[in-house]
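Here is the naming used below: chain letters follow the sequence lines, and residue numbers restart at 1 for every chain. Excluded from the calculations below are hydrogen atoms, water molecules and symmetry mates; all remaining heavy atoms, backbone and side chain alike, are included.
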Amino acid sequence: MPLNELWFVLIAVLFTGFFFLEGFDFGVGMATLLLPRSDGEKRILINSIGPFWDANEVWLITAAGAMFAAFPHWYATLFSGYYVLLTFLLLALIFRGVAFEFRGKVDKQSWRKMWDAAIVIGSAVPPLLFGLLFASMIKGVPIGPDMEMTAGFTDIVNGYSIAGGVTLVGLCLLHGFTFITLRVEGEMRVQARRWAERLLPIVAGLLALFTGWTFVVTDLFEHRGNMLLPLVILGSIVCVLAAIFLRKGREGWAFGMTGSLIVLTFVSMFVGLAPRLMVSSIQSAYALTIQNAASSEYTLKVMTVVAAALLPFVLAYQAWSYFIFHKRITNKDHLEY
Amino acid sequence: MDIVDLARLQFALTTVLHFVFVPISIGLSLLIAIMETLYVVKKNELYKKMARFWGNFLLINFAVGIVTGILQEFQFGMNWSDFSRFVGDVFGAPLAIEALLAFFLESTFIGLWVFGWERLSKRVHLACMWLVSIGTMLSALWILAANSFMQRPVGYVINNGRAEMTDIMALLTNGQLLWEFPHTLFAAFATGAFLVTGISAWKLVRKQEVAFFTSSFKIGITVALISSLAIAQFGHGQAQYLVETQPMKMAASEGLWETSDDPAAWTVIASINPEDQTNSYELKIPYILSFLSYSKFSGAVPGMKDLQAEYEQTYGPGNYIPPVRTTFWSFRIMIASGSMMIVLGLYGAYLAIRRKLGNPNKLFMRLMFAAIALPFIGNTAGWVMTEVGRQPWTVFGLLRTEDSVSLNVSSGQLLFSVISFTTVYLLLLCLTAYLFARVARKGTIEEHQERDKDDPFDQGDDSIALK
């Protein structure tokens with residue numbers, strides 16, 4: 001496999017991994033608005049992602065770093081082209097990150113309320129914006145012969161991209177609920193499952209709508225229909241399985257299925273895109289590809305060696321940290337602030 | 001302001017503010033690792049209490065350091081896309097390796113440390129903090145490797161209109177990095193150490209928890225003194241390296257318009273007039289600049305006018321003189337704060353050895369508290385000198401700042417992001433300072449009683465803990 005192809009796959013894996021992992025902690029963040037009936041329960045929910053959210057976010061940082069190193073033009077075009085969107089994304093992530101740490105530090109109702117709001121907004125806005133970004137990216141944005149992207153508002157925000165954003169928010173919320181069923185005890189566990197059961201058909205509908213829309217407005221199916229069709233069928237099966245596992249109370253499996261939905265969504269996107277990185281709406285020849293946007297052979301080689309040496313350790317200790325904190329959180333002990 | 005000015009303003013503000021938090025994380029995680037090591041080795045609960053108390057500061061700070069760090073990574077692509085295209089092949093790799101090698105390590109093991117007090121054995125728990133500490137240092141190493149390339153490009157060829165990497169080991173053995181890394185690293189240790197020492201001094205003046213804060217003071221002052229001396233040593237080396245590789249930056253930081261006499265005198269202060277390229281007032285000490293530049297009391301140091309002529313020959317017409325006043329004064333501010341840190345470190349260590357902390361010299365202890373600010377002033381001034389002194393280049397000799405900016409971003413968009421990020425960063429700075437003050441005021445006694453009332457992330461071990 002040529003190294004630029006390998007790095008395209010690795011970056012796709014990093015983004016997919018990011019949405020699989022941070023997907024559920026975005027979902028839990030949003031769920032703090034919907035689920036807890038008391039401050040103690042809210043605290044349990046926030047604790048359920050306590051040891052993880054930070055490392056989950058590093059998947060995004062690594063994905064962006066890998067883009068910079070392996071495909072500098074992709075990084076430069078995308079980040080400058082989506083300037084305003086990324087500004088809002090960063091603001092949301094900033095407030096979310098400090099909110100977890102700050103909310104309990106001052107024992108005042110108003111203080112906690114403020115950071116609770118930051119957690120909810122900071123968890124809902126990023127998937128929405130990422131949905132806008134990726135959907136508009138596969139539909140095509142104005143990229144000229146010099147690789148500069150000059151997008152207007154409607155190039156980024158339109159019916160299709162909004163559908164993408166809403167779908168991703170729904171996916172994360174659903175994934176968050178199934179994560180909660182795994183991590184807590186008692187009434188919240190029951191409620192989270194109920195929420196997941198009710199949300200599943202809506203998310204399935206959104207996915208169907210978005211897939212159909214993708215068929216119409218993008219060339220992804222034209223381009224890779226033979227590979228995308230099986231993925232779509234697989235996605236439908238996963239939806240059905242998720243419903244079955246939720247009903248049977250097989251929480252681990254249900255979590256696996258909601259995660260699979262996120263994975264299938266992003267895998268489909270990257271499969272439909274390849275070997276392009278960004279589609280140009282001006283002329284297909286202006287698209288960024290894994291050839292014209294890549295780093296030199298030497299840099300890719302160095303990066304490959306480094307990644308091959310480090311990734312096994314990174315995956316191992318992350319898995320270990322999930323193993324260490326695999327037990328459910330309970331409210332047996334006092335929880336009042 | 002045009003987009004170059006706005007992009008520079010945003011980079012300067014966000015980087016300086018980000019670099020308030022980074023050295024605290026590097027410094028405090030080392031100190032806490034030392035404290036917890038003492039706990040495991042000496043089996044004295046006092047040190048465990050110490051690791052936990054100072055851990056509160058680390059965690060508050062860590063969160064802010066991370067969220068402001070994401071912006072740093074995104075900013076190159078958002079505001080400096082032509083820079084990213086030009087150097088991405090070289091510059092991107094250290095950033096990606098930083099994430100893979102350092103950020104995962106820090107973020108995973110800080111989670112394990114916070115929530116793992118009861119779930120992990122003592123030694124494994126201690127190893128977690130050391131891994132966090134090593135992670136922060138590795139992060140500094142790789143980001144400074146990238147920065148060193150901007151100061152002194154090595155291990156590349158220009159190909160297809162961009163810099164392409166030819167030798168990663170050249171990046172890691174860059175002479176610039178070999179001075180810059182230890183200099184910055186010890187500055188970060190000193191930042192954490194002066195924070196611990198300063199807060200301890202403040203508590204000792206008030207006679208609160210004397211035993212606890214005496215011990216903290218001792219650990220803090222030891223690290224503070226060693227670090228301050230090391231900063232000076234590596235700083236001296238870096239200055240000499242500067243004379244060789246970036247003489248213009250050195251000349252600007254000395255306000256040296258004409259090439260100096262041999263031996264060269266050191267300008268303590270001067271009134272600089274960049275318009276007519278003269279200094280109207282100077283206070284000089286003979287021989288010292290030669291010593292600073294070459295470690296001997298002879299040798300002339302090239303001045304800006306001669307260098308300008310030389311650079312015009314090499315790089316074509318243009319102005320190659322950086323903002324002289326800024327470079328000159330930031331250099332002096334850095335040296336002044338470093339020197340004060342050494343003096344305070346020495347006297348503090350003397351007091352600790354003479355066991356005079358229980359009945360402290362109030363004036364000195366208050367000075368020690370105020371000295372928390374010194375490393376921050378020094379760090380900021382140091383970065384201003386390094387980055388402003390490199391102008392008009394982003395990558396020295398290869399890429400000018402004006403050619404680095406994103407051309408497809410409008411000044412309106414930039415203005416919006418400058419205003420929003422600056423506001424948010426200043427807010428974060430205030431909130432962090434406020435929370436630091438709260439934690440410091442509370443001390444450790446109340447902390448124990450109010451543990452259940454505290455942040456779930458900090459106190460995950462006893463009540464709510466993931467059981």
Side-chain angles (χ1 to χ4, degrees), chain A residues 43-44 46-47 50-52 54-55 58 61-62 64-66 68-69 72-73 75-81 83-84 86-87 90-91 93-94 97-98 100-107 148-150 295-296 298-299 302-303 306-307 310 314 317-318 321 324-325 327 329-330 333-337, chain B residues 59-60 63-64 66-68 70-71 73-74 76-78 81-82 84-85 88-89 92-93 95-101 103-104 107-108 110-112 114-116 119-120 159 164-166 168 406-409 413 416-417 420 424 428 431 435 438 452-457 460 463-464 466-467:
Chain A
R43 207 175 153 199
I44 289 181
I46 297 173
N47 264 268
F52 310 126
D54 189 359
V58 176
I61 300 175
T62 309
F68 198 169
H73 287 298
Y75 171 77
T77 304
L78 184 106
F79 279 66
S80 61
Y83 194 88
V84 177
L86 290 175
T87 303
L90 287 166
L91 291 170
L93 290 178
I94 287 172
V98 296
F100 289 130
E101 189 59 46
F102 284 3
R103 80 176 288 275
K105 283 284 181 286
V106 178
D107 196 14
E148 296 286 359
M149 169 176 159
T150 45
S295 277
S296 67
Y298 177 81
T299 296
V302 168
M303 295 282 299
V306 172
L310 293 178
V314 172
Y317 64 63
Q318 290 211 5
S321 100
I324 293 287
F325 301 116
K327 284 183 185 155
I329 306 178
T330 66
D333 308 82
H334 27 209
L335 279 172
E336 76 281 353
Y337 277 92
Chain B
L59 294 175
I60 294 167
V64 189
I66 287 166
V67 294
T68 54
I70 305 177
L71 171 61
E73 192 200 37
F74 278 35
F76 294 114
M78 289 169 72
S81 63
D82 279 9
S84 302
R85 290 181 206 280
D89 199 282
L95 253 61
I97 296 171
E98 183 192 15
L100 206 56
L101 181 63
F103 291 158
F104 273 129
S107 58
T108 309
I110 194 83
L112 281 157
V114 174
F115 288 85
R119 308 202 140 267
L120 302 167
N159 208 354
E164 292 188 351
M165 199 200 295
T166 55
I168 182 120
S406 302
L407 295 171
N408 53 339
V409 175
Q413 291 175 334
F416 163 66
S417 72
S420 43
V424 169
L428 290 179
L431 286 170
L435 291 175
R438 271 184 78 94
D452 298 328
K453 292 187 157 195
D454 238 344
D455 181 83
F457 278 15
S463 55
I464 173 118
L466 312 146
K467 282 173 187 167

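- The side-chain heavy atoms of B:Phe115 and A:Ile324, taken from C-beta on, include no pair separated by under 4.5 Å.
- Here the straight-line distance linking atom OH of A:Tyr298 with atom CG of B:Asp89 works out to 10.5 Å at 0.5 Å rounding.
- Looking at A:Leu86, both its backbone and its side chain come within 4.5 Å of chain B, counting heavy atoms on both sides.
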**OP:** Output, in order, the C-alpha distance, side-chain angles, deciding distance and verdict of side-chain contact (heavy atoms from CB on, under 4.5 Å) for A:Val306 and B:Ile168.
**Re:** CA-CA 11 Å; A:Val306 172; B:Ile168 182 120; 6.0 Å; no
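- Heavy atoms only, all atoms of each residue included: B:Arg438 and A:Asp107 are closest at NH2-N, 4.2 Å.
- Taking all atoms of both residues into account, the shortest heavy-atom contact from A:Ala55 to B:Phe104 is O-CE2, 3.7 Å.
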Subject >> Candidate pair B:Gln413 and A:Thr87, rule side-chain contact (heavy atoms from CB on, under 4.5 Å), full reasoning >> reply: CA-CA 9 Å; B:Gln413 291 175 334; A:Thr87 303; over 6 Å; no
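- The shortest heavy-atom contact between A:Ala69 and B:Ala93 is CB-N, 3.5 Å.
- With values rounded to the nearest 0.5 angstrom, B:Leu71 atom CG is found 10.5 Å from A:Leu93 atom CG.
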Original post:
Can you list the steps and then say if A:Ser296 with B:Asn159 is a side-chain contact (heavy atoms from CB on, under 4.5 Å)?
Top reply: CA-CA 9 Å; A:Ser296 67; B:Asn159 208 354; over 6 Å; no
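- One finds the CE atom of A:Met149 at 12.0 Å from the OG atom of B:Ser406 (value rounded to the nearest 0.5 Å).
- Counting heavy-atom pairs under 4.5 Å between each of B:Ile110, B:Thr166, B:Leu95 and chain A puts B:Thr166 at the top.
- Contact between A:Gly97 and B:Val67 at its shortest, heavy atoms only, is CA-CG1, 3.8 Å.
- Across A:Phe79, A:Tyr75, A:Phe68, a single residue satisfies ring pair (Phe, Tyr, Trp, His ring centres under 6.0 Å) together with B:Phe74, and that is A:Phe79.
- Between atom CZ of residue A:Phe102 and atom CG of residue B:Leu59 there is a gap of 11.5 Å, rounded to the nearest 0.5 Å.
- Here B:Gly77 is the residue among B:Gly111, B:Gly77, B:Ala99, B:Gly88 with the most heavy-atom pairs under 4.5 Å with chain A.
- For the set A:Val98, A:Val106, A:Leu78, A:Val314, the count of heavy-atom pairs under 4.5 angstrom toward chain B peaks at A:Val106.
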Original post:
side-chain contact (heavy atoms from CB on, under 4.5 Å) between B:Asp82 and A:Glu148: does it pass, once the steps are laid out?
Top reply: CA-CA 10 Å; B:Asp82 279 9; A:Glu148 296 286 359; 3.4 Å; yes
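- The closest side-chain heavy-atom distance from A:Thr62 to B:Phe103 is not below 4.5 Å.
- For the set A:Thr77, A:Thr150, A:Ile61, the entry with the most heavy-atom pairs within less than 4.5 Å of chain B is A:Ile61.
- The two atoms that bring A:Ala64 and B:Glu73 nearest to each other are CB-OE1, 3.3 Å, heavy atoms only.
- Both the backbone and the side chain of B:Val64 come within contact range of chain A, with heavy atoms under 4.5 Å apart.
- When every heavy atom of A:Ser80 is checked against every heavy atom of B:Val409, the shortest pair comes out as O-CG2, 3.7 Å.
- Looking at B:Ile66, the atoms closer than 4.5 Å to chain A (heavy atoms on both sides) all sit in the side chain, from C-beta outward.
- Side-chain contact check for A:Glu101 versus B:Leu435: every heavy-atom pair is 4.5 Å or farther apart.
- The candidate with the highest count of non-hydrogen atom pairs below 4.5 Å against chain A, out of B:Asn408, B:Leu100, B:Val424, B:Ile97, is B:Asn408.
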